[in-house]
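Proteins come first, then strands; the chains are lettered A, B, ... in the order of their sequence lines, and each starts at number 1. Keep in mind that the numbers below use all heavy atoms, side chains included, and drop hydrogens, waters and symmetry copies. If you're wondering where the values come from, they're calculated on a predicted model, not measured in any experiment.
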Amino acid sequence: MTLVSPALDQIRLDVSTRQLFELLPDVSFFIKDKAGRLIHCNEVHRRGIFRYGNADDLYGKANHDFFPNALANSFAEDDQRVIRDGESIVEQCELNITSAGSLSWFCTTKVPARDCHGKIVGLVGISRRLEAADHRIGDFELLSAALDHIQKNFSQQIRVQTLAAACQLTEATFRREFEKLFRMTPLQFILRLRLHEACLRLSANSDSIGDIAYQCGFDDQNYFARFFKRTMNMTPSEFRARQNPRQDSTRPENRSEK
DNA sequence: CACCAACGGAGCACGCTCCA
DNA sequence: TGGAGCGTGCTCCGTTGGTG
């Protein structure tokens with residue numbers, strides 16, 4: 001694969017190392033510039049996560065070009081911690097979207113990328129499906145009962161107490177272990193899952209926003225709309241319109257456009 | 001008039017943070 | 001590790017505006 005970005009030349013990562021990552025079947029490898037734009041990635045990253053066959057379709061794009069705002073904001077914050085603060089993120093578990101549009105667990109490591117003077121010019125990262133991240137599975141298994149419960153019941157009310165009991169941990173210990181692994185509270189995690197599911201359903205079908213809110217575990221459509229706007233910077237109907245511009249051209253709110 | 005979508009306020013329950 | 005207090009998530013109201 002050819003490298004298209006001049007910014008990549010600044011980063012001290014020799015060609016054989018990049019080639020090595022091209023050969024790994026289960027490791028997604030990527031390099032981003034200082035602005036968080038993708039400047040290099042391997043085959044797994046292109047096809048496994050993004051379904052992009054051509055590298056040119058990916059390079060120069062940032063998180064917001066690939067993910068819903070809620071996910072993109074979270075990833076961008078992480079990127080900036082690495083690029084701006086020089087902080088490494090090691091083996092962070094996160095829920096992400098696969099090429100098939102489903103959710104899956106990934107284990108991600110990001111470190112600052114430096115030029116020959118040691119100055120940070122971007123970041124280098126790897127990400128693996130959690131099933132492949134063997135040495136982290138111990139931590140994951142500790143909480144697996146809770147994660148199963150969340151994924152099966154995210155459309156219903158979930159209490160932290162219930163999740164802790166499922167893992168045979170006290171509530172306080174469960175919360176600490178959870179935050180250590182996911183860098184977010186259990187409730188934030190559940191909300192992110194619900195929001196992501198709502199985004200998928202808003203994009204994929206024409207159910208009313210109220211129905212989708214209930215399907216995704218929001219008992220109150222009003223609360224759902226407020227939470228959605230706060231997180232995504234747009235209302236659910238605006239999000240749907242952006243995802244399905246053609247389909248949405250028939251919707252009432254767009255008919256007034258001249 | 002009915003329905004849908006979005007917004008705002010009030011109050012309660014409970015999740016989270018802090019500290020011993 | 002667990003308890004206490006605080007902050008906020010969530011629910012239940014109501015209202016407004018647009019459309020059929």
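In the model, A:Thr108 has a side-chain atom that pairs as donor or acceptor with a side-chain atom of A:Ser127 under 3.5 Å.
A:Asp79 and A:Lys110 get closest at one heavy-atom pair: OD1-NZ, 2.7 Å. Between A:Gly86 and A:Pro112, the shortest heavy-atom distance links the atoms O-CG, 3.6 Å. Nearest heavy-atom pair, A:Val121 versus A:Arg114, reported as atom, atom and distance to 0.1 Å: CG2-C, 4.0 Å.
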Is there any protein nitrogen or oxygen under 3.5 Å from a nitrogen or oxygen in nucleotides 17-20 of chain B, and what are the pairs?
| unit_1 | atom_1 | unit_2 | atom_2 | d |
| --- | --- | --- | --- | --- |
| B:dT17 | OP2 | A:Glu179 | OE2 | 3.4 |

What pairs of nitrogen or oxygen atoms, one from the protein and one from nucleotides 9-13 of chain C, lie under 3.5 Å apart?
| unit_1 | atom_1 | unit_2 | atom_2 | d |
| --- | --- | --- | --- | --- |
| C:dC10 | OP2 | A:Tyr223 | OH | 2.1 |
| C:dT11 | OP1 | A:Asp219 | OD2 | 2.1 |
| C:dT11 | O4 | A:Arg226 | NH2 | 3.3 |
| C:dC12 | N4 | A:Asp220 | OD2 | 3.1 |
| C:dC12 | N4 | A:Asn222 | ND2 | 3.3 |

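Looking at A:Ile83 and A:Lys34, their side chains come closer than 4.5 Å, going by heavy atoms from C-beta outward.
Rounded to 10 degrees, the angle separating the terminal axes of the helix from B:dC1-C:dG20 to B:dA20-C:dT1 is 30°, with each axis obtained from five end pairs.
When each of A:Val124, A:Ile126, A:Leu123 is checked for a side-chain contact (heavy atoms from CB on, under 4.5 Å) with A:Phe30, only A:Leu123 meets the rule.
As rounded to whole Å, 14 Å separates atom P of C:dT1 from atom CZ of A:Phe174. Computed from coordinates, the A:Ile209 CD1 to B:dC3 P distance equals 18 Å when rounded to whole Å.
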